[in-house]
Amino acid sequence: MQRDQLEVAARKRNLRCPDEATLDAWSEATEELNLTAAEAIRKLEVFMLNRKLKESELSLRLLEDFKEHQRKQSSKNAHRLKTAGHAGPSWDSYSGAFQDKTNRQDSPFTPEAASKRSSLGSGRDTVLEAAASPQAELAHAGGPCQAVSTLNGHLQAAPCQVTEVPLPLAMLSTGPASGQTYMSDKISDKVAHIDDRISSFAAAWETEHPGIVCSPVSATAQEPGWFIGRICCDSEGRLNDSSILLEGNIAVSGGQRTHLDLSRLPSYRVFPGQVVAIYGMNPSGGCIIALELHSSLPSLPPPSLRTPDTEGEAMDIDVQHNQGPAALVAACGPFMGRDSLTAGHLQRVLQDCRQQTPHLLVLMGPFLDEEHPQIGSGKLDEHFEAVFEQEIMRPVCIFASTSPGTTVVMIPSTRDVHHHPVFPTPPLDPAETLAGPSIPSQAAAPLPYNVIMLPNPAVFRIGETVVGAMTTDAMKHLASQEVFRNAPGQPVDRMACLASHLLGQRNFYPLFPPPLGIMLDSSLAEHLRLPCNVTVDADENFEQIPL
């Protein structure tokens, strides 16, 4: 069978075999290398392309070279997986997180591990093979539930005091209301969203820098002056350093655009939709030559420590609870394995939280993922609402009832098939979500008092800690669209730079236009604003742990 499949696969790639003995040798080699016929021919093509070989037949000499190459690649992969550690969180390896919070020796984010990874090469075939086998990486990750990165690791985590009364939670941002209409935004809504961001940025910038007067982006300026506008591309393609336009707001610039020349800047980071303040010249009125570029507004003031509804009571509770640090656990979906609709990963998170008793547990969707094989295939014989109630809500409510000192926050995702596919996303509504035709009437009973449904995105305060949460991967989208230049000799933490875009723009999703698949409704875009800074204090300890 392997021999016949190999012959067919080779013939499709215009590769012939000179004789039966050679074909048998190739067949035995693919079995020895644990490759299917299709995989062997695909890897052979990559091997020939990399070495610029123009072979037209499966010769024995080519076989020996190919086998030697595959053995070297396997050895490199094994060494890479052993030294690089865990490539990302895996719920399948979750068992008792937070058990080893101080061991950073095996972290793939330490300088030692980074230097090891950089010495392993970056061949395309190697990367594809390693990425295609996450289970293999887990086998060499050095054990589950070890900290892979730590912020302020030099500080010792102080013990947390958890009482029977949860810490008060105050919502600092607004979100779409349950039942609010969407998918009805017009071009005028998109224009209003863009113009409002530019105007808000300009107002904040001029307030912070009194005396500055911004000129229209198309105004001729022989002397340096200030221009404020939105970064956009001059075509439908991807942004690059020669296709950057600056679009002004309607009030000052009439919505006009002009080219932006950044060649004189030693460093910059721009992306479509970013609102910037430019100090430069516009000699002809058709191209602004930038001398300075500012993309971040000043920090917003901290939020009030009082809850708007019950100020006095909230302050008393804060003082009562402020006897130590707050413990927070955040878990991101999907919570179901690919071969089952049982939320085993969620059960493990809840089981660990029963032992750790954190003050706050943040559960972020997708809870019922549209990309799950059984859901995406359309073969599910149950209502989505029934699966969500049985596998997600019931365990969460049981946990909340037995852990009164822990506040559980649930934030939906646009990938949740049982919820509204719009961004920003309204909070989960139990009365609406659990109203399917197959749900018993008692399932829609009131939630425990310590289970709170929040929109996506959301900013809230728990005790004195301000938390911002969003299930849309804005940083990934920014990374794919950002154009940047780094100053020579200055190391840059790109993840920190991407995160700073959200804070500097005071917006959870400053990228515009969004990529395909992001159901951004411009009529709801006001809910993407950051009402205050989400900061990490220098005396707080955070760890990232593979689950």
Side-chain angles (χ1 to χ4, degrees), residues 1-88 90 92-93 106 108 113-144 238 337-340 371-374 376-379 480 546:
M1 179 65 72
Q2 177 81 350
R3 181 178 182 277
D4 296 338
Q5 293 176 350
L6 182 66
E7 185 177 12
V8 172
R11 192 181 303 118
K12 290 181 179 179
R13 297 296 187 271
N14 296 322
L15 294 171
R16 62 183 182 85
C17 200
D19 50 55
E20 297 295 326
T22 303
L23 183 60
D24 291 337
W26 273 92
S27 178
E28 293 176 2
T30 56
E31 293 180 357
E32 177 186 342
L33 296 172
N34 197 25
L35 298 174
T36 64
E39 290 174 340
I41 297 300
R42 179 182 63 80
K43 292 179 181 293
L44 177 63
E45 282 188 311
V46 175
F47 170 75
M48 293 171 62
L49 285 172
N50 289 338
R51 285 158 178 74
K52 298 182 180 180
L53 301 177
K54 297 183 179 180
E55 303 285 343
S56 60
E57 65 178 19
L58 302 177
S59 63
L60 293 176
R61 177 182 58 82
L62 179 62
L63 174 61
E64 293 302 319
D65 293 342
F66 177 67
K67 288 170 62 177
E68 182 66 20
H69 167 73
Q70 288 301 119
R71 292 192 185 100
K72 290 181 179 179
Q73 290 296 327
S74 299
S75 177
K76 285 183 178 180
N77 289 344
H79 180 65
R80 173 180 179 272
L81 296 176
K82 183 177 180 180
T83 58
H86 201 304
S90 171
D92 292 332
S93 63
D106 297 329
S115 63
K116 291 179 182 178
R117 290 198 303 273
S118 63
S119 65
L120 296 176
S122 58
R124 174 178 173 82
D125 202 31
T126 302
V127 174
L128 288 175
E129 290 173 354
S133 180
Q135 292 82 3
E137 296 195 15
L138 283 177
H140 299 275
R238 191 178 184 276
R338 297 188 61 82
D339 56 348
S340 171
E371 297 182 5
H372 192 283
Q374 294 188 26
S377 64
K379 298 179 179 179
S480 66

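Because the structure is predicted, anything quoted here is derived from the model rather than measured.
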> Partners of Glu57 by salt bridge (charged side-chain N to carboxylate O under 4.0 Å, His left out), sequence neighbours excluded?
Replying inline: Arg16

>> Can you give me the closest heavy-atom contact between Arg238 and Ser480, atom names plus distance?
In response: NH2-O, 2.7 Å

> So, the side chain of His372 versus the backbone of Ser340: is there a donor-acceptor pair under 3.5 Å, distance only?
Replying inline: yes

> Taking atom CD of Glu39 and atom CG of Leu33, what is their separation to the nearest 0.5 Å?
Replying inline: 11.0 Å

> Rounded to the nearest 0.5 Å, what separation is found between the OG1 atom of Thr30 and the NZ atom of Lys43?
Replying inline: 12.5 Å

>> Determine whether a donor-acceptor pair (N or O, by modelled atom type, separation under 3.5 Å) exists between the side chain of Trp26 and the backbone of Leu6.
In response: no

> From Asp19 CG over to Leu58 CG, what is the distance, rounded to the nearest 0.5 angstrom?
Replying inline: 10.5 Å

> Does a side-chain N-to-carboxylate-O contact under 4.0 Å join Glu32 and Arg71?
Replying inline: yes

> Does the pair Phe47 and Gln70 meet the rule for a side chain to side chain contact (heavy atoms under 4.5 Å, CB included), with working shown?
Replying inline: CA-CA 9 Å; Phe47 170 75; Gln70 288 301 119; 5.9 Å; no

>> Please find the pair of heavy atoms, one from Ala9 and one from Ala37, that lie closest to each other, and give the distance.
In response: CB-O, 4.3 Å

>> Could you go through Glu7 and Leu23, starting from their C-alpha distance and side-chain angles, then the distance that decides it, and tell me whether this counts as side chain to side chain contact (heavy atoms under 4.5 Å, CB included)?
In response: CA-CA 8 Å; Glu7 185 177 12; Leu23 183 60; 3.8 Å; yes

> About how many Å separate CG of Leu62 and NE2 of His69, when rounded to the nearest 0.5 Å?
Replying inline: 11.5 Å

